[in-house]
Amino acid sequence: MQPGELGGLTLASAVRLIRSKQLSPVELTLATLERIQSLNEKMATFITVTPDLAMEQAHRAEQAVADGRETGPLNGVPIALKDLIDTKGIRTTAGSSVFDDRVPDEDATVTTRLQEAGAVIVGKTNLHELAFGVTSVNPHYGTVRNPWDPDRIAGGSSGGSAAAIVMGMALGSLGSDTGGSIRIPAGLCGVVGFKPTYGRVPVRGVVPLSWSLDHVGPITRTVEDAAIMLEVIAGRDPLDPYSSDVPTARYSKQLEEGVDGLRIGLPRRAFFRRLNTEVAAALDAAIEAFREMGAELVEVDIPSSEQQRAIFNNIVCPEAFSLHEENLTRTPELIAEDVRLRIEAGRLMLSIDYVRAQRARTMVKRELEAALGRADVLVTPTLPIAAPRIDQTHVEWDDATEPVGHALTRNTRLFNVTGLPTVSLPCGFTGNDLPIGLQITGRPFEEATVLGVAHSYERAAAWSTRRPNL
């Protein structure tokens with residue numbers, strides 16, 4: 001298989017071809033590694049590549065097929081891991097010089113589950129340092145560049161995990177999401193990024209940023225691919241105190257139910273203001289597509305949504321500081337200024353502010369419960385803008401100037417605060433070929449519904465088939 005042939009291959013199609021012996025896991029892995037080698041220096045997508053491990057796993061997967069043995073759902077499929085997910089014996093840096101020589105003694109729970117499913121681990125992807133930022137501009141390991149325009153950001157913090165999928169450097173990847181870090185790069189790079197319900201996927205062995213906001217989830221080319229990966233990584237880990245004991249499902253088998261008669265909630269006041277005109281037009285077209293598919297459109301409101309930034313900051317900063325205080329004390333010079341200042345802000349916040357944020361968080365959760373009582377899912381823009389330039393610091397609106405970081409998180413972080421399952425998928429492109437993202441959110445642990453709605457739209461709109469010319 002040639003590296004250029006990876007462009008049209010999805011995870012699901014690779015699984016089917018490998019099982020039917022039409023595709024060799026060894027050839028697929030070699031092509032993927034060649035793709036990484038040819039593009040990584042320019043695009044800074046991976047921090048660590050693991051060719052020896054990948055080839056060992058690929059040969060094992062191929063032999064299992066040849067022997068006619070029962071294989072796992074990801075047997076022979078190249079997968080990338082965000083470089084804050086622990087891998088036994090393989091450096092895991094969290095994108096920071098603080099952890100430049102950190103080599104875990106055991107795998108994260110999700111790493112173990114992927115490997116038990118037969119996945120081929122091709123490497124560890126680049127990210128915004130310590131997962132505390134939305135650009136993946138990383139002074140230690142390079143700036144992750146957007147495959148659609150290398151002068152623009154890939155988003156963060158899981159920038160490398162999203163860019164890798166677009167460029168055929170893996171057929172699936174894992175990211176983490178504390179304020180939008182799966183969905184932001186998915187939206188900017190034009191792929192599918194899924195944040196499950198808080199506690200649905202174990203976070204044991206994942207370098208934390210905020211224990212009450214952190215999520216782990218898949219980034220893939222299609223919704224079906226995300227559903228397949230979620231089946232592998234979801235489920236309780238008895239050693240993870242944040243993991244929920246709620247039954248999982250065969251998500252990939254529940255994608256065809258359609259949206260006819262489904263109620264689509266539109267929280268316009270909270271999510272549809274200050275949108276780039278092309279983003280607004282793409283969202284209008286997507287909403288009309290849902291109507292044409294038979295969905296009922298329902299206007300809903302989340303009155304306290306404007307408090308979300310204050311709630312988020314008063315939770316994430318103290319929790320991040322408590323986790324990284326020792327590193328800030330010992331080696332502050334090893335942490336980039338933007339990240340260091342965000343973490344140090346947690347030192348200055350009062351305990352009463354943290355308590356008030358938690359109380360306000362409960363109120364917002366109840367408002368979302370009410371909105372999702374009137375609707376089956378919520379549909380919103382993932383982001384108000386397409387990918388900004390790497391050197392861009394602000395977004396200009398008719399009535400205000402907004403920092404890029406604020407713009408990129410204002411539609412995503414509410415669903416970390418409330419822990420709801422949320423997916424971003426492509427819903428169009430700007431005139432200069434930059435992806436636009438659509439966000440779909442559901443009730444707690446109703447991942448199947450969210451993925452089913454996303455799959456229906458994806459199939460009708462077909463944006464996921466578009467690829468950059470690299």
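Tyr141 has its ring centre no less than 6.0 Å from the ring centre of Phe99.
Within the 4.5 Å cutoff, the side chain of Leu188 has heavy atoms near those of the Leu383 side chain. Contact of the Leu283 side chain with the Cys427 side chain is registered, since non-hydrogen atoms from C-beta on lie closer than 4.5 Å. Residues Ser176 and Leu84 have side chains in contact (heavy-atom distance under 4.5 Å, counting atoms from C-beta outward). Side chains of Pro421 and Phe194 form a contact here, defined as non-hydrogen atoms less than 4.5 Å apart. For the pair Arg204 and Ser243, the minimum side-chain heavy-atom distance is 4.5 Å or more. Residues Ser244 and Thr197 have side chains not in contact (no heavy-atom distance under 4.5 Å, counting atoms from C-beta outward). Counting heavy atoms from C-beta on, the side chains of Arg221 and Leu11 never come closer than 4.5 Å. Residues Val232 and Pro73 meet the side-chain proximity criterion, which asks for heavy atoms closer than 4.5 Å.
A side-chain donor-acceptor contact under 3.5 Å links Lys82 and Ser157. Side-chain contact of Arg361 with Gln358: a donor-acceptor pair under 3.5 Å is present, judged by distance alone. Defined by atom type and a distance below 3.5 Å, a donor-acceptor pair is present between the side-chain atoms of Asp237 and Thr109. With no hydrogens or angles considered, no side-chain donor-acceptor pair links His140 and Ser96 at under 3.5 Å.
Rounding to the nearest 0.5 Å gives a distance of 3.5 Å between CZ of Phe415 and OG1 of Thr441. Taking OG1 of Thr92 as the reference point, atom CG of Asp100 lies at 11.5 Å (rounded to 0.5 Å). To the nearest 0.5 Å, the span separating CD on Glu446 from CG on Asp376 amounts to 8.0 Å. A distance of 10.0 Å separates CD1 in Ile287 from OH in Tyr457, rounded to the nearest 0.5 Å. Put simply, CZ on Arg342 and CG on Leu130 are 10.5 Å apart, with the number rounded to the nearest 0.5 Å. A distance of 6.5 Å separates CG of Leu368 from CG of Leu378, quoted to the nearest 0.5 Å.
For Arg200 and Glu447, the salt-bridge test passes: some basic side-chain N is under 4.0 Å from an acidic carboxylate O. Between Arg113 and Asp107, none of the side-chain N atoms (NZ, or NE/NH1/NH2) sits under 4.0 Å from a carboxylate O, so this pair counts as no salt bridge. Arg16 has a carboxylate O that lies under 4.0 Å from a charged side-chain N of Glu224, or vice versa, which qualifies the two as a salt bridge. Looking at Lys365 and Glu369, no side-chain N of the basic residue comes within less than 4.0 Å of a carboxylate O on the acidic one, giving no salt bridge.
Not a single donor-acceptor pair under 3.5 Å links the side chain of Thr125 to the backbone N or O of Gly123. With hydrogens and angles disregarded, a donor-acceptor distance shorter than 3.5 Å links the side chain of Arg183 to the backbone of Thr412. Between the side chain of Asp177 and the backbone N or O of Asn416, no donor-acceptor pair lies under 3.5 Å. Between the side chain of Thr222 and the backbone N or O of Ser464 there is no donor-acceptor pair closer than 3.5 Å. The backbone N or O of Arg35 lies less than 3.5 Å from a partner atom in the side chain of Ser38, making a donor-acceptor pair. No donor-acceptor pair closer than 3.5 Å links the side chain of Ser13 to the backbone N or O of Leu9. Thr220 places no side-chain N or O within 3.5 Å of a backbone atom of Asp225 that could act as its donor or acceptor partner. Between the Asn146 side chain and the Ile153 main chain, a donor and an acceptor come within less than 3.5 Å of each other. In this structure, the side chain of Gln308 does not engage the main chain of Val417 through any donor-acceptor pair within 3.5 Å. A donor-acceptor pair is defined here as one N or O able to donate and one able to accept, closer than 3.5 Å; such a pair exists between the side chain of Ser161 and the backbone of Leu174.
When every heavy atom of Met55 is checked against every heavy atom of Val26, the shortest pair comes out as CE-CG1, 3.7 Å. What you find for Ser136 and Gly156 is that their closest heavy atoms are OG-CA, 3.5 Å. The two atoms that bring Arg250 and Glu231 nearest to each other are C-OE2, 3.1 Å, heavy atoms only. When all heavy atoms of Pro78 and Val122 are compared, the closest pair comes out as CB-CG1, 3.8 Å. Pairing each heavy atom of Ala186 with each of Ala162, the nearest pair is N-CB, 4.1 Å. Closest non-hydrogen pair, Pro384 versus Val279, comes out as O-CG2, 3.7 Å.
Counting only residues at least two apart or on different chains, the salt bridge (charged side-chain N to carboxylate O under 4.0 Å, His left out) pairs with a member in residues 459-470 are Glu256-Arg459, Asp433-Arg466. Screening residues 213-235 for ring-ring contact (aromatic ring centres under 6.0 Å, His included), with sequence neighbours left out, gives Tyr198-His215.
Partners of Thr430 according to the side-chain contact (heavy atoms from CB on, under 4.5 Å) rule, which considers only residues two or more places apart in sequence or in another chain, are Glu278, Ala386, Asn432, Leu434, Ile436. With sequence neighbours excluded, the residues satisfying side-chain contact (heavy atoms from CB on, under 4.5 Å) with Ser210 are Thr178, Ser212, Leu213, Asp214, Ile315, Val316, Glu319. For Leu323, the side-chain contact (heavy atoms from CB on, under 4.5 Å) criterion is met by Pro208, Trp211, not counting sequence neighbours.
Within a 6.0 Å sphere centred on CG of Asn469, heavy atoms belonging to other residues, nucleotides or ligands number 12 at most.
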Working note: Leu414 + Phe271, criterion side-chain contact (heavy atoms from CB on, under 4.5 Å); need CA distance, chi angles, decisive distance, verdict.
CA-CA 10 Å; Leu414 182 64; Phe271 290 91; 3.7 Å; yes
I'd like to know whether Thr45 forms a side-chain contact (heavy atoms from CB on, under 4.5 Å) with Asn126, so could you lay out the CA-CA distance, the side-chain angles of the two residues, the decisive distance to 0.1 Å, and finally the verdict.
CA-CA 5 Å; Thr45 309; Asn126 201 354; 6.0 Å; no
Evaluate side-chain contact (heavy atoms from CB on, under 4.5 Å) for Val203 paired with Asp240, printing each intermediate quantity in order.
CA-CA 7 Å; Val203 295; Asp240 182 348; 3.7 Å; yes
Quick one: do Leu451 and Leu230 satisfy side-chain contact (heavy atoms from CB on, under 4.5 Å)? Show the steps, please.
CA-CA 10 Å; Leu451 290 166; Leu230 183 63; 4.0 Å; yes
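Of the candidates Arg91, Arg102, Lys124, Arg102 is the only one forming a salt bridge (Lys or Arg N to Asp or Glu O under 4.0 Å) with Asp86.
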With a cut-off of 3.5 Å and sequence neighbours excluded, list every side-chain donor-acceptor pair involving residues 163-172.
none

